[in-house]
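Working notes for the structure below.
We name chains A, B, ... by the order of the sequence lines, and we start the count at 1 in each one.
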There are 2 protein chains.
Amino acid sequence: MRKIDPAKHRARRRHIVHTAAQLFAAKGFERTTTAEICKAAGMSSGNLFHYFPNKRAIFHAIFEDDAGETGESKAERLARAQAGDDPWEALLEVVDLLTADAMDPAAPPLVMEAVVQVHRDPELDALLGRDNALEHTALTTLLTRAAAAGQIDPALDPHDAATWVQALIASLYSSAAADPAFKPAEQLPVLHLILQRFLQAPPHRENAPQA
Amino acid sequence: MRKIDPAKHRARRRHIVHTAAQLFAAKGFERTTTAEICKAAGMSSGNLFHYFPNKRAIFHAIFEDDAGETGESKAERLARAQAGDDPWEALLEVVDLLTADAMDPAAPPLVMEAVVQVHRDPELDALLGRDNALEHTALTTLLTRAAAAGQIDPALDPHDAATWVQALIASLYSSAAADPAFKPAEQLPVLHLILQRFLQAPPHRENAPQA
DNA sequence: GTCTATATATAGATAGAC
DNA sequence: GTCTATCTATATATAGAC
């Protein structure tokens with residue numbers, strides 16, 4: 001029986017998405033032409049549009065949370081990291097998970113491109129909004145648990161703090177995208193330091209600077 | 001004598017730039033057409049290109065540091081804020097200066113758009129690079145002085161810390177651009193808190209969480 | 001599934017009258 | 001300085017053969 005081979009089809013899609021992602025990262029969405037994608041992926045225009053209905057769909061596919069052949073999806077890994085017994089340790093694991101992608105040189109420009117496109121593309125907005133909500137919920141839960149366990153400043157609003165943890169992680173991407181000298185891997189320890197000092201309960205102190 | 005009126009010419013340019021900025025913020029650079037800018041600015045295509053050689057030049061003009069009719073340029077205000085006697089106070093003033101623009105709803109999307117365009121536009125890269133270097137130098141100087149005055153953690157590398165202060169400020173823009181629920185004005189106190197805790201010398205503590 | 005060829009649209013920029 | 005009219009290029013997407 002030789003119907004269509006869905007595995008082959010998926011692999012071909014992946015190849016297109018991967019090729020296009022490099023181009024989108026380097027040149028942006030609108031300045032990357034479908035002709036360039038075709039050439040880089042080694043196929044014709046007619047064939048490319050056999051796999052995707054339009055250019056935008058290729059961009060969306062970059063951000064879809066597919067599990068890959070071997071590993072878990074990001075949502076699954078997030079759930080697992082969140083499940084740890086020690087809330088502070090679990091928080092650090094989640095942070096590591098969310099910062100890992102920043103080491104891929106293509107990721108920061110792609111994320112910036114997505115932020116810019118999100119206003120003009122409700123479908124992408126929904127897609128990334130779901131991701132974002134998932135992360136925010138995980139962080140809020142962990143921060144609440146960490147506060148209850150006396151590991152962080154109980155005066156912090158967990159919801160606001162989670163938003164800022166996300167913002168700090170996003171800094172890794174935006175700084176890398178804006179400045180080639182900024183290397184996420186090198187800056188990770190500083191990010192950890194900032195998170196620790198921000199979230200930690202401040203002990204009593206005498207000579208604090210006045211804000 | 002009725003030569004050309006340079007003041008009128010500048011005002012007309014400003015009008016175009018301001019109009020275009022709103023459109024670029026809402027729809028991005030490439031998806032905003034010169035025809036739309038013409039219509040919104042109330043002029044013809046022929047006339048628009050009498051003021052600017054091309055569309056990109058309009059975008060550049062948004063980020064040029066012109067003093068406005070009345071006030072100082074941003075570089076001047078930065079120099080003044082930097083000159084204060086108390087380094088910590090001066091640092092806060094510089095931070096306030098650099099966060100002020102984030103309250104304008106058009107600014108965050110414009111900044112994101114600029115980050116994305118900077119890779120494809122060496123001229124814009126140079127323009128924003130100068131700005132960035134100016135701010136970084138100011139912050140590094142102040143952080144060095146503050147460390148010498150015992151106001152912040154002397155173990156921090158002033159150069160790295162300055163980079164992160166900039167990253168934290170940039171968070172205000174990128175978070176606002178990515179999430180409509182994020183209001184920079186409301187989040188400013190949290191930013192100050194993070195800066196204070198990050199930069200402050202940490203006193204000795206017993207029950208710190210382990211990183 | 002893959003190709004070649006092309007329809008269709010729309011953009012940025014210019015020419016030249018007033 | 002401002003306009004109308006238009007040139008030229010290029011992009012996305014489709015049609016239809018193999």
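Between A:Arg31 and D:dA11 there is no side-chain polar atom (N or O) within less than 4.0 angstrom of OP1 or OP2.
The list of side-chain hydrogen bond (donor to acceptor under 3.5 Å, both in side chains) pairs with a residue in residues 37-55 of chain A, not counting sequence neighbours, is empty. The side-chain hydrogen bond (donor to acceptor under 3.5 Å, both in side chains) analysis of residues 173-182 of chain A, with sequence neighbours excluded, yields no pairs. Among residues at least two apart or in separate chains, side-chain hydrogen bond (donor to acceptor under 3.5 Å, both in side chains) pairs with a member in residues 27-38 of chain B are B:Lys27-B:Glu36, B:Glu30-B:Gln117, B:Thr33-B:Glu36. Sorted by first and then second residue, the ring pair (Phe, Tyr, Trp, His ring centres under 6.0 Å) pairs involving residues 115-145 of chain B (not counting sequence neighbours) are B:His136-B:His159. Identified under the salt bridge (Lys or Arg N to Asp or Glu O under 4.0 Å) test for residues 93-115 of chain B, with sequence neighbours left out: A:Arg120-B:Glu113.
Between the CZ atom of B:Phe52 and the P atom of C:dA13 there is a distance of 13 Å, rounded to whole Å. The nearest whole Å value for the distance from the CG atom in B:Leu23 to the P atom in C:dG12 is 12 Å. When rounded to the nearest whole Å, the span between CZ of B:Phe24 and C1' of C:dG12 equals 12 Å. Put simply, NE2 on A:His50 is 18 Å from P on D:dG16, counting in whole angstrom units. Between the NZ atom of B:Lys27 and the P atom of C:dT10 there is a distance of 12 Å, rounded to whole Å. A:Lys8 places its NZ atom 10 Å from the P atom of C:dG1, with the value rounded to the nearest Å. Atom CG of A:Leu48 and atom C1' of C:dG1 are 13 Å apart (whole Å). Rounded to whole Å, the distance from CD1 on B:Ile16 to P on D:dG1 is 11 Å.
Here the nucleotide nearest the side chain of B:Phe49, chosen from C:dG12, D:dT2, C:dT2, is C:dG12.
With sequence neighbours excluded, the residues forming a ring-ring contact (aromatic ring centres under 6.0 Å, His included) with B:Phe182 are A:Trp164, listed by chain and number. Listed by chain and number, the residues in a salt bridge (charged side-chain N to carboxylate O under 4.0 Å, His left out) with B:Glu72 are B:Arg80 (sequence neighbours excluded).
Of the residues in residues 53-61 of chain B, those with a non-hydrogen atom less than 4.0 angstrom from any atom of DNA chain C are B:Asn54, B:Lys55. Taking every heavy atom of residues 33-47 of chain B and every atom of DNA chain C, pairs under 4.0 Å involve B:Thr33, B:Thr34, B:Ser45, B:Gly46, by number.
At distances below 3.5 Å, at least one donor-acceptor pair connects side-chain atoms of B:Glu76 with backbone N or O atoms of B:Ser73.
The distance between the ring centers of B:Phe198 and A:Phe198 does not fall below 6.0 angstrom.
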